[in-house]
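Report on the structure given below.
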Amino acid sequence: MNLSILIPLLNEEESLKELYTWIIKVMQEHRYSYEIIFLDDGSSDRSWSIIQGFATENTHVKGIQFMKNFGKSQALHAGFAKAQGDVIITMDADLQDSPEEIPGLYEMITNQNFDLVSGWKKKRYDSVVAKNLPSKLFNWAARKTSGVELNDFNCGLKAYRNIVVKNIEVSGEMHRYIPVLAKNAGFGRIGEKVVQHQARKYGETKFGMERFINGFLDLITIWFLSRFGKRPMHLFGAIGSLMFIIGFLLAGYIGISKLYYMYNDMRYSLVTNNPWFFIALTTMVLGTQLFLAGFLGEIILRTKNNEERYKISNEINFS
């Protein structure tokens, strides 16, 4: 199978028919073998019944319905697990991503040997203050932190080699950082393609300003996991040990100083009257806690249970 097209969605009943017709037109023009997997992330409108109608008339259409809204990352995780195509395309359901871009993305994966190609909406039709400027700042921070030179991490239109999606773990709100996850997994051929961005035709965006705050927090998580995710003791243990040693040496110096003054009949004060004693004590306590955090992190890594983070209520056309 040439293509798996994954479409996560939430309450997009107005746009689904137009998007479906458009995708089918592109598939037929290029004679691709394909599957379209709609990922209904707990819609409360008629989205699922519309998807059921598509699946009835076209066996290439498949659907997964979540019991409630679990988030875009969880939807993509479920879709990646089911996808069978040589190339996987992800795109949003709001018609802001053009299906006409699919052949170009497919070409870059199959003929130019990229592992992953991310769309770049160079010219956008969103609000400058509410979306464009925060997005530019976010993308700059993501490039500097991750080392992946992409201009648009947030673009939902991406193409992947099948082996890539089968070897990455998308959780939380990490869908923005799939290129970083792919790089950390050893897939270094990451490209970018300028794609057409279209103004939203129906409804309202499901993402507010909080997505940028969450995005920056997830960026810190990605940075940490890429460097210390498999060895938390290397960070927490090292810092904790260093702090404990500094506190211990400082406490030792305070104690030895008092003994020296006592031995030489010099004037001295109680250890507890010395503010450095409390600094030393606090440093040793924090060092011990950081060391234990690293130790517990190592134990969790070795005993973690990879249970499902979402619940599926319905599936269509999966054998």
Side-chain angles (χ1 to χ4, degrees), residues 1-10 12-13 15-43 47-66 70 72-111 114-119 155-170 175 178 182 187 193 195 308 310 312-319:
M1 184 184 297
N2 299 134
L3 284 165
S4 292
I5 301 171
L6 308 186
I7 305 173
L9 62 106
L10 175 65
E12 297 287 359
E13 63 179 358
S15 62
L16 285 178
K17 179 63 177 178
E18 186 174 340
L19 177 63
Y20 168 71
T21 303
W22 197 355
I23 293 174
I24 295 300
K25 175 177 173 289
V26 173
M27 296 297 103
Q28 291 175 345
E29 285 178 352
H30 294 269
R31 298 182 179 179
Y32 291 133
S33 57
Y34 68 94
E35 63 179 359
I36 304 172
I37 304 178
F38 288 97
L39 305 161
D40 184 358
D41 189 20
S43 294
S47 293
W48 182 247
S49 62
I50 293 172
I51 294 168
Q52 288 176 314
F54 297 157
T56 300
E57 69 181 41
N58 185 350
T59 57
H60 297 294
V61 175
K62 303 176 182 180
I64 297 175
Q65 183 187 36
F66 285 180
F70 286 96
K72 188 174 182 178
S73 291
Q74 322 314 323
L76 289 176
H77 183 275
F80 287 159
K82 296 285 190 179
Q84 299 177 21
D86 297 328
V87 176
I88 286 81
I89 303 285
T90 61
M91 62 189 305
D92 294 335
D94 55 11
L95 294 174
Q96 291 190 287
D97 295 334
S98 171
E100 300 292 343
E101 303 288 353
I102 292 175
L105 294 168
Y106 179 79
E107 171 81 10
M108 291 181 72
I109 296 290
T110 55
N111 292 341
F114 283 102
D115 295 316
L116 183 157
V117 179
S118 180
C155 182
L157 187 57
K158 290 181 172 67
Y160 310 85
R161 197 178 299 279
N162 184 286
I163 192 174
V164 175
V165 303
K166 301 301 184 183
N167 285 278
I168 57 175
E169 183 75 15
V170 187
H175 57 273
I178 293 179
F187 300 101
K193 182 181 184 299
V195 297
E308 290 293 329
Y310 47 82
I312 294 173
S313 60
N314 288 297
E315 293 184 355
I316 302 175
N317 282 347
F318 289 103
S319 56

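Since this is a predicted model, take the numbers as computed values, not measurements. Below, all heavy atoms of this structure are taken into account, side chains as well, without hydrogens, waters or symmetry copies.
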Please lay out, stage by stage, how Met91 and Ile102 fare under the test side chain to side chain contact (heavy atoms under 4.5 Å, CB included).
CA-CA 10 Å; Met91 62 189 305; Ile102 292 175; 4.2 Å; yes
Are the side chain of Thr90 and the backbone N or O of Gly156 linked by a donor-acceptor pair below 3.5 Å?
yes
Mind running side chain to side chain contact (heavy atoms under 4.5 Å, CB included) on Phe187 and Arg161 for me, showing each step along the way?
CA-CA 10 Å; Phe187 300 101; Arg161 197 178 299 279; over 6 Å; no
Surrounding CD1 of Ile312 (heavy atoms of other residues, nucleotides or ligands, distance under 6.0 Å), is the total greater than 12?
yes
On a heavy-atom basis, the closest approach of Glu13 and Ile50 is O-CD1, 3.6 Å
N/O donor-acceptor pair under 3.5 Å between Glu35 side chain and Gln84 backbone:
yes
When rounded to the nearest 0.5 angstrom, what distance separates OG in Ser4 from CZ in Phe80?
10.5 Å
Can you see whether His30 engages Tyr106 through a side-chain donor-acceptor pair at a distance of less than 3.5 angstrom?
no
For the atom pair CD1 (Ile89) and CG (Leu105), what is the distance rounded to the nearest 0.5 Å?
5.0 Å
With no hydrogens and no angle check, is any side-chain donor or acceptor of Asp41 less than 3.5 Å from a backbone partner on Leu10?
no
Only residue of Leu16, Ile64, Ile5, Leu6 satisfying side chain to side chain contact (heavy atoms under 4.5 Å, CB included) with Phe38 is Leu16
Main-chain N/O of Phe54 paired with Asn58 side-chain donor or acceptor, under 3.5 Å
no
So does Ala83 get a backbone contact from the side chain of Lys166, meaning a donor-acceptor N/O pair under 3.5 Å?
yes
Strictly distance-based, threshold 3.5 Å: is any side-chain N or O of Ser118 a donor or acceptor partner for the main-chain N or O of Lys158?
no
Asp86 side-chain N/O to Asn2 backbone N/O, donor-acceptor pair under 3.5 Å
no
Taking every non-hydrogen atom, the tightest pair across Glu100 and Trp22
OE2-NE1, 2.9 Å
Judged by atom type as modelled, is there a donor-acceptor pair below 3.5 Å linking the side chain of Lys62 to the main-chain atoms of Ala55?
no
To the closest 0.5 Å, what do you measure between CD1 (Ile109) and CG (Leu116)?
6.5 Å
Using a 4.5 Å cut-off on heavy atoms from C-beta on, say whether the side chain of Gln52 contacts that of Ile316.
yes
Output, in order, the C-alpha distance, side-chain angles, deciding distance and verdict of side chain to side chain contact (heavy atoms under 4.5 Å, CB included) for His77 and His175.
CA-CA 9 Å; His77 183 275; His175 57 273; over 6 Å; no
Nearest 0.5 angstrom please: Asp40 CG to Phe66 CZ, how far?
9.0 Å
Under 3.5 Å, is there a donor-acceptor pair between the Ser313 and Gln65 side chains?
yes
Nearest 0.5 angstrom please: Ile24 CD1 to Leu19 CG, how far?
10.0 Å
Between Lys72 and Asp92, is there a side-chain heavy-atom distance shorter than 4.5 Å?
yes
Give the minimum heavy-atom separation between Gly63 and Ile51, together with the two atoms involved.
CA-CG2, 4.3 Å
Could you check Ile168 against Ile178 for side chain to side chain contact (heavy atoms under 4.5 Å, CB included), going step by step and ending with a plain yes or no?
CA-CA 8 Å; Ile168 57 175; Ile178 293 179; 3.5 Å; yes
Could you pull out the closest heavy-atom pair between Leu9 and Ser47, with the gap in Å?
CD1-CB, 3.7 Å
For the side chain of Ser73 and the backbone of Val170, is there at least one donor-acceptor N/O pair under 3.5 Å apart?
no
In Å and rounded to the nearest 0.5 Å, what is the NZ to CZ distance from Lys193 to Phe114?
12.0 Å
Sub-4.5 Å side-chain heavy-atom contact between Thr21 and Lys25:
no
Go through the steps for Lys82 and Glu315 under the test salt bridge (charged side-chain N to carboxylate O under 4.0 Å, His left out), then give the verdict.
CA-CA 11 Å; Lys82 296 285 190 179; Glu315 293 184 355; 3.4 Å; yes
Taking all non-hydrogen atoms of both residues, which atom of Ala78 and which atom of Tyr310 are closest, and how far apart?
CA-OH, 3.4 Å
